[in-house]
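Down below is the structure, laid out as structure tokens.
The structure presented is a predicted model; accordingly, all values stated were derived computationally and were not measured. By convention here, the first residue in the shown sequence is residue 1.
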Amino acid sequence: KMIWVITSMLWYHDVEKPILTDYLVKSFDTKPACLNYVWDNKVDMIDGLLEVHREVDGVKLRTFAFYCENRFVELEEV
């Protein structure tokens with residue numbers, strides 16, 4: 001099954017490549033549902049992101065972005 005998850009791309013000062021982290025609070029069946037969730041909850045998501053990722057090993061977060069990414073998951077048969 002394909003699902004959609006929110007991924008955060010984090011750019012830190014003096015780091016060449018971004019760090020990707022998944023926002024695993026919720027998954028979605030469609031991309032529009034994912035995008036709507038980000039739109040409706042962005043302030044709370046930013047607060048949580050900054051609480052955890054504002055600084056890593058003394059390096060400060062420069063910028064970030066949220067985007068919706070699709071994933072394939074295996075469903076277990078019951």
Heavy-atom check, side chain of Lys1 versus side chain of Asp29, under 4.5 Å: yes

Validation row: Trp11, Arg62 side chains within 4.5 angstrom (heavy atoms): yes

With Glu55 via salt bridge (charged side-chain N to carboxylate O under 4.0 Å, His left out) - residues at least two apart: none

Qualifying disulfide bond (SG atoms under 2.5 Å apart) pairs, either residue in residues 21-66, two or more places apart: Cys34-Cys68

Any side-chain heavy-atom pair of Phe28 and Ile6 under 4.5 Å: yes

Between OG1 on residue Thr7 and CG on residue Leu24, distance to nearest 0.5 Å: 8.5 Å

Of all pairs that satisfy salt bridge (Lys or Arg N to Asp or Glu O under 4.0 Å), the ones with a partner from residues 4-14, not counting sequence neighbours: none

Pairs flagged by salt bridge (Lys or Arg N to Asp or Glu O under 4.0 Å) wherever residues 35-44 is involved - sequence neighbours left out: none

Residue pair Leu20 / Tyr67, side-chain heavy-atom distance below 4.5 Å: yes

Counterpart residues, salt bridge (charged side-chain N to carboxylate O under 4.0 Å, His left out), relative to Arg71 (two or more places apart): Asp22, Glu69

Heavy-atom check, side chain of Leu49 versus side chain of Leu61, under 4.5 Å: yes

Residues that Phe64 engages under ring-ring contact (aromatic ring centres under 6.0 Å, His included), provided they are two or more places apart: Phe66

